[in-house]
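These numbers come from a predicted model, not from an experiment. Naming convention: chains lettered A, B, ... in sequence-line order (proteins, then strands); numbering from 1 in each chain.
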There are 2 protein chains.
Amino acid sequence: MPVNIKTENKCQHPIVAVDMTIFTVQENTLQVLLIQMKKKPFQGKWALPGGLVKINETLDEAAKRILAEETNVRNVYLEQLYSFSDLNRDPHQRVISVAYFALINAQGIKLKTIPKYADVQWFSIKKVPSDLAYDHKKILKYALTRLKSKLEYTNIVYGLLPKKFTLSQLQKIYEVILNRKLDKRNFRKKILFLDLLKPTSSFQKGKHRPARLYEFKKRKPMFVEIL
Amino acid sequence: MPVNIKTENKCQHPIVAVDMTIFTVQENTLQVLLIQMKKKPFQGKWALPGGLVKINETLDEAAKRILAEETNVRNVYLEQLYSFSDLNRDPHQRVISVAYFALINAQGIKLKTIPKYADVQWFSIKKVPSDLAYDHKKILKYALTRLKSKLEYTNIVYGLLPKKFTLSQLQKIYEVILNRKLDKRNFRKKILFLDLLKPTSSFQKGKHRPARLYEFKKRKPMFVEIL
DNA sequence: TCAAAAGTGTTCGTTGTACACCCATGC
DNA sequence: GCATGGGTGTACAACGAACACTTTTGA
């Protein structure tokens, strides 16, 4: 009995990919990493970086691998979001995508331009092309919602910050992501009361009065009511 | 060139299943639906109902199909939880499982005993065997956590209730799931203030003073701070 | 008339929110 | 000495938590 290899390769089951929504905050804006596609049917379109899950790796491992392909960074905050499975989300074959989001501190990160993609770039969240490939617009929207809500009840913001930072930098990140102004005194009162931070003896030099630098006591995800 | 059908069938990619954590509240306890496995390597063990995702169905559709296989019920509250992907979670083949949870009102639901499984039964959450098949213990734990937290900020409890119910029944469900006593006056004040319920003109007869029956204004998931 | 669940308000402590001025530095 | 961001406390409103008694019914 002849076997249709093509069909068998596509297999009778959906295959699984991971798509990464990689966030950073730079220049006082929330940014997301997009890649530009080389091949049809999405040639020239921008998309979230992603890839198929290999037979011998977990989803988390696949997500870390894909993250490393574009950025070099390791030990970043990584979280599984949701699995997207519309039948026609990929016109080429039946792919179920497990979406992840990552938070990275883009200071000193060099993006790799790899042959797989035409280009790799940070996009301000307000300037993301509205015609992303696949269902990536939907995924990005989902990721943004999750990011906003997790900022309010966890400490994951550490993922966006360098080791030492000022309280103003920290507050600015909250403001940029939540898209609203926060009261300086209330913000400081709350965040210091939570006992997540420890003051260092260093100060950030600048044009004005130097600001004390703080660091997180623990860079591990924790649940805490921040806002 | 000969093709190894077995290998091709297993395909070089992980395959995708859906596992369902189906909750109900009966006799003042939170219960979960388990099936008993017929085949090795988990013969005789209890597990969450589940099944492979077909090439032409979405994850939500697969979840609904599997739910219907055991229970007949439709239009229940259904939510995707998380995707589990440990390499050895299924000793037989590489399967990634997308976990869902469902809330159903078990009043008047007949469980189907189907040939696929040795048995189907409700288990009180406190009496679930600790050696569930696969990684289902982990999935169940995850589902329970999610259920508890979503009770606090959504109205999904409607999924566990009949159309009309008393405030005491409603409160009891919260108490059973959250595993703590609630203050009757505070609970009523809060839940009525939220304006999710409307009083009906019916009362529940019993041995004692009849209780007014209420119903949800909308049986759609909504975000609201309940507790 | 008794037992059992239904139903109903007030007080108090905690938490969140609004708000304005002095300080340290570089230029 | 002035412009700029750093740093601090208090007063009021809103919300959550604790708490006890009366009502209605069936037996």
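When the P atom of D/dG9 is taken as reference, atom CZ of A/Phe187 falls 18 Å away, rounded to whole Å. In this structure, A/Asn186 atom CG and D/dG9 atom P are separated by 13 Å, rounded to whole Å. The distance between atom CG of A/Leu213 and atom C1' of D/dG6, rounded to the nearest whole Å, is 12 Å.
A search for side-chain hydrogen bond (donor to acceptor under 3.5 Å, both in side chains) contacts involving A/Asp131 returns A/Lys45, not counting sequence neighbours. Listed by chain and residue number, B/Arg65 satisfy the side-chain hydrogen bond (donor to acceptor under 3.5 Å, both in side chains) test with B/Glu57 (two or more places apart in sequence, or in another chain). In this structure, B/Tyr134 has no side-chain hydrogen bond (donor to acceptor under 3.5 Å, both in side chains) partners at least two apart in sequence or on a different chain.
Ion pairing between a basic and an acidic side chain is recognised when a charged N comes within 4.0 Å of a carboxylate O; A/Lys190 and A/Glu225 show no such pairing. Using a cut-off of 4.0 Å between Lys/Arg side-chain N and Asp/Glu carboxylate O, A/Asp183 and A/Arg188 are scored as not salt-bridged. Contact check on B/Lys64 versus B/Glu70 returns no salt bridge, with no Lys/Arg side-chain nitrogen under 4.0 Å from an Asp/Glu carboxylate oxygen.
Close to D/dG16, at under 4.0 Å from its OP1 or OP2, lies a side-chain N or O of B/Lys190.
Against DNA chain D, the stretch residues 168-182 of chain A makes heavy-atom approaches under 4.0 Å through A/Ser168. Residues of residues 196-210 of chain A that place a heavy atom closer than 4.0 Å to DNA chain C, in numerical order, are A/Gly206, A/Lys207, A/His208, A/Arg209, A/Pro210.
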Under the side-chain hydrogen bond (donor to acceptor under 3.5 Å, both in side chains) criterion, do B/Gln26 and B/Thr24 qualify, and how do the steps go?
CA-CA 6 Å; B/Gln26 261 177 322; B/Thr24 197; 5.3 Å; no
Would you please test A/Phe101 and A/Tyr82 for ring pair (Phe, Tyr, Trp, His ring centres under 6.0 Å) and show each step?
CA-CA 10 Å; A/Phe101 85 94; A/Tyr82 196 79; over 10 Å; no
Report the C-alpha separation of A/Ser130 and A/Lys137 in whole Å, then their side-chain angles, then the decisive distance to 0.1 Å, and conclude whether the side-chain hydrogen bond (donor to acceptor under 3.5 Å, both in side chains) test is met.
CA-CA 7 Å; A/Ser130 65; A/Lys137 191 176 177 182; 5.0 Å; no
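If you check every strand for non-hydrogen atoms under 4.0 Å, B/Arg188 touches a base.
Judged by distance alone, with hydrogens and angles left aside, the side-chain atoms of A/Glu61 form a donor-acceptor pair with the main-chain N or O of A/Thr58 at under 3.5 Å.
Protein chain A contacts DNA chain C from C/dG16 to C/dG26, reading 5' to 3' and using non-hydrogen atoms of the protein with a distance under 4.0 Å.
Annotation: of the two residues near DNA chain D, B/Leu227 and B/Asp183, the 5′-most nearest-nucleotide partner is B/Leu227. A residue-by-residue look at A/Arg185 and B/Lys184 shows that B/Lys184 has its nearest nucleotide of DNA chain C further toward the 5' end.
Here the closest non-hydrogen pair linking A/Val95 and A/Asp90 is CG2-OD2, 3.6 Å.
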